[in-house]
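The figures here come from the full heavy-atom set of this structure, side chains too, leaving out hydrogens, waters and symmetry mates. What you see is a predicted model, and the numbers here were worked out from it, not measured in a lab. Residues take their numbers from the sequence shown, with the count starting at 1.
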Amino acid sequence: MPREYTLHTAPSATPRIHYKAELNEQQHAAVTAPPGQTLVIAGAGSGKTRTLTYRVAWLLDNGVLPEQILLLTFTNKAAREMLERVNTLVQVDTQRLWGGTFHSIGNKFLRWNAERLGYRKGFSIMDREDQKDLLETVVANSGIDTTGFRFPKAEVIGDIFSMADNTCTPVEEIITTRYPYFDKIIEPITRLRELYQQKKVETNSMDFDDLLTQSVRLLKENPDLLERYQRQFEFVLVDEYQDTNRLQCEFIEMLTGADGNLMVVGDDAQSIYSWRGADVTNILNFHEHWPKARVFKIEVNYRSVPEVLNLANASIANNRAQIRKNLQSSRGEKGLLPALVPLDSGSAQASFVAQRILELQDEEGVSLNEIAVLYRAHFHSMELQMELTSRGIPFQITSGLRFFEQAHVKDIAAFMKFAVNRRDEVSFMRMVKLIPGVGGASATKLWNAWLKTDAASAEVMTGKFSDLLIPMPVPKKARETWDQFAYTLDELIVDGKTTTPPEMIRSIYEGVYQDYMRAKFKNADQREQDLEQLSNYSSRFTDPLEFLSQLSLLSGVDTGDKPDQEQDREAVTLTTAHQAKGLEWHSVFAIWVADGMFPHARAVEESDLGIEEERRLFYVTVTRAKDELYLCYPVINHQARDGDILMKPSRFITELPQDLMEKWNVRGGW
């Protein structure tokens, strides 16, 4: 048996960090935990990111090589912030450290090894809209009769496939449990899945979920690669472990190995994403997978006053499935009791919130940026939006398209994707449909003509696009633009090499897209500024493939990156409780906290699992407040169809000791 021998960097003789002084006792115990498997339960506002960051620094200070550390996160922003903090703590080149989202790490594996799975180098990554387009093509060419039954749209089919991938569940079971109204067409949907998988290989494309499913498959089918990565990643660290799904959990287990060093950090009380595949049992049953694991609890909260935490602790205590903990405030001052505010109606609720916001701003000096209104569903904010508008109170809603998902950004990306992967049918079709006179049928003909050229299969583009494209038969109306389109593509690859991302964007914009944009969009000036920003962002990259990969990664998940809109403008935040996770404000208003609204009516009808997740969502809502918390609900809910309905306060309120709240009696005034 060979002798095991591990190389380490020399430990720092004089570490820059005084760990005991900079961490509290609970954080220090977790950060300095010995090798092995470790579960860190970090309560809301307890310094989870700080703990994980210092753990990485501790490993580096103790001689672990940067490339031996794998840090898995859920957002690019989280990974970036943690690595930036590590950089300020230790004198080590952290660029060699592997840190990023599950999908970005999977993308790295696949960029080097995709040929083992039947793909070619330079595969495209499809975002959700690209996936929809390819699925529409698959459905159209499948021979399946979609007229005899209300057949699901491509987006719905994509969601079914995605849920199956992320939960490691057969499509048939996903349909039965989550989409029972499609029971009659299970067979054609499962057939479409096979055709879709074939089409992706044929077009050398992967969807966002493939970055993980294919990575797991790669490791399963190639023991040499699995051994290589297990040997490389001496220490695996995972952020927000309570949000992992079955596929991510499997990925972690494979890379760690049975006896590897694994530290996961999370809070089971903040597991709120089962609707998108997250499995709270991954953290609740951690010891079933890792029986030797140590458990550390971090319960000192640096965010909220004790009165808010007392309510949060009392609420989550009603959940049976949990790892029990008790948040304690580091803030010694006495705060205000959370306010329980029943209102006569939805409009009265909106009036109260708006008036109290102005009082907080004018009388207590609270910035509008430090005030948030949270709700269970978007439609709960309708009346409030109108009230805030009428009173001239600025607000921002944290929903809508992200920057990288906008049509004009995706149009530019389609040109670039096709230039680097000339078998990318989705990008080609999107690109040519921008040309006047080219519709679906003519675009398909052009694609079939392109496939007959040598350039479509060549590893390197040596000739010119214009020599191949201009002779093609295109509608008369499209001829002039088609020629310009071909010459523009010529500028993207010079002497067989792609130009830089900023050069590509400039060529596309000036060559064909500026005229299209001005004719297509009424806000062309704003979109032009967007493309300028895109070009600025792309200047960070020299390789178009790397830039396009990042673009797809940013638009494929909840990245935590927000558009740079109205950064200097004070505004109240309106957001769902789900989107508020990880954020904090001085004052939080939770509205429509009534049974059937929060908890959601569907959860009330489900088993205890549904109610317990809704209670965790309530816990997340409550723990967003640093100083003041208002729990509001209308007594009467007027509905056009059913008239006035008497509302009951949420069970999450009635089950609490009433001395944890101060009831406000709000009356109408002149």
**Student:** State the CZ-CG distance between Phe598 and Leu374, to the nearest 0.5 angstrom.
**Tutor:**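 Output value for this atom pair is 8.5 Å.
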
**Student:** With a 4.0 Å cut-off on N to O distance, would you call Arg217 and Glu221 a salt bridge?
**Tutor:** yes

**Student:** Hydrogens and angles aside, do Tyr196 and Asp207 bring a side-chain donor and acceptor to less than 3.5 Å of each other?
**Tutor:** yes

**Student:** Would you please classify the geometry between the His103 ring and the Phe208 ring as parallel, tilted or perpendicular, with 30° and 60° separating the classes?
**Tutor:**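 Ring orientation, 0 to 90° scale: parallel.
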
**Student:** Between CD of Glu425 and CG of Asp130, what distance do you get to the nearest 0.5 Å?
**Tutor:**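 It comes to 12.0 Å.
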
**Student:** Is it true that a side-chain atom of Glu136 and a backbone atom of Ala154 form a donor plus acceptor pair closer than 3.5 Å?
**Tutor:** no

**Student:** Evaluate Phe151 against Phe182 for ring-ring contact (aromatic ring centres under 6.0 Å, His included), listing each step before the verdict.
**Tutor:** CA-CA 8 Å; Phe151 209 79; Phe182 293 141; 7.8 Å; no

**Student:** Assess, by modelled atom type and distance only, whether the side chains of Gln242 and Glu240 contain a donor and an acceptor separated by less than 3.5 Å.
**Tutor:** yes

**Student:** Relative to each other, are the rings of Tyr630 and Phe589 parallel, tilted or perpendicular (30° and 60° limits)?
**Tutor:**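 Ring orientation of Tyr630 relative to Phe589: parallel.
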
**Student:** Distance check, rounded to the nearest 0.5 Å: Thr49 atom OG1 versus Asp239 atom CG?
**Tutor:**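 Rounded to the nearest 0.5 Å, the OG1-CG separation comes out at 6.0 Å.
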
**Student:** Would you find a donor on one side and an acceptor on the other, under 3.5 Å apart, between the side chain of Thr101 and the backbone of Asn76?
**Tutor:** no

**Student:** Look only at the side chain of Tyr633 and the backbone of Asp595, and say whether a donor-acceptor pair between them is shorter than 3.5 Å.
**Tutor:**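 Flag not set: sc Tyr633 to bb Asp595 has no pair under 3.5 Å.
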
**Student:** Can you tell me how far CG of Leu110 sits from CZ of Arg116, rounded to the nearest 0.5 angstrom?
**Tutor:** 12.0 Å

**Student:** Which residue in the set Lys297, Lys325, Arg615, Arg324 passes salt bridge (charged side-chain N to carboxylate O under 4.0 Å, His left out) when paired with Asp268?
**Tutor:**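 The passing option is Lys325.
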
**Student:** Should Lys581 and Asp243 be marked as a salt bridge (charged side-chain N to carboxylate O under 4.0 Å, His left out) after you check the CA-CA gap, both sets of side-chain angles, and the distance that decides it?
**Tutor:** CA-CA 12 Å; Lys581 184 171 173 289; Asp243 294 334; 3.2 Å; yes

**Student:** Is Arg246 paired with Glu250 through a side-chain N to carboxylate O contact shorter than 4.0 Å?
**Tutor:**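 So Glu250 does not pair with Arg246 through a salt bridge.
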
**Student:** Is Arg178 salt-bridged to Asp159, cutoff N-O under 4.0 Å?
**Tutor:** no

**Student:** State plainly whether the residues Arg616 and Glu613 are in salt-bridge range, i.e. N to O under 4.0 Å.
**Tutor:**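 Judged by the 4.0 Å cut-off on N to carboxylate O distance, Arg616 and Glu613 do form a salt bridge.
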
**Student:** Looking only at atom types and distance, does a side-chain atom of Ser315 sit under 3.5 Å from a main-chain N or O of Ala312, one as donor and one as acceptor?
**Tutor:**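 No, the answer is negative, given that no donor and acceptor are paired below the 3.5 Å cut-off.
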
**Student:** Rounded to the nearest 0.5 Å, what's the gap from NZ on Lys199 to OG on Ser142? Could you check?
**Tutor:**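 Going from NZ on Lys199 over to OG on Ser142, the span is 11.5 Å.
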
**Student:** Minimum heavy-atom separation for Leu327 to Gly43, with atom names?
**Tutor:** CD2-CA, 3.7 Å

**Student:** Would you call the rings of Tyr229 and Phe233 parallel, tilted or perpendicular if under 30° counts as parallel and over 60° as perpendicular?
**Tutor:** parallel

**Student:** Do Trp592 and Tyr375 have ring centroids that are under 6.0 Å from one another?
**Tutor:** no

**Student:** Look only at the side chain of Asn285 and the backbone of Glu288, and say whether a donor-acceptor pair between them is shorter than 3.5 Å.
**Tutor:**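 The answer is no, because no donor-acceptor pair under 3.5 Å joins these two groups.
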
**Student:** Under a 4.0 Å threshold between the charged nitrogen and the carboxylate oxygen, would Asp267 count as salt-bridged to Lys48?
**Tutor:** no

**Student:** Distance from Ile316 atom CD1 to Leu311 atom CG, nearest 0.5 Å?
**Tutor:**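 Ile316 CD1 to Leu311 CG: 11.5 Å, rounded to 0.5 Å.
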
**Student:** When you measure from the centre of the six-membered ring of Phe123, is the NZ or CZ of Arg111 under 6.0 Å away and within 45° of the axis?
**Tutor:**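 Relative to the ring axis of Phe123, which defines the angle, Arg111 lies inside both limits.
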
**Student:** May I ask you to check whether Thr213 and Asp165 show a side-chain donor-acceptor distance below 3.5 Å?
**Tutor:**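 Their side chains do not contain a donor-acceptor pair, so the 3.5 Å distance test is not met.
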
**Student:** Would you say Asn166 and Ser162 are linked by a side-chain donor-acceptor pair, where the criterion is simply a distance under 3.5 Å?
**Tutor:**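 Yes, because at least one side-chain N or O of Ser162 sits under 3.5 Å from a partner of the opposite role on Asn166.
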
**Student:** Exactly one of Lys410, Lys132, Lys417, Arg430 should register a salt bridge (charged side-chain N to carboxylate O under 4.0 Å, His left out) with Asp127. Which one does?
**Tutor:** Lys410

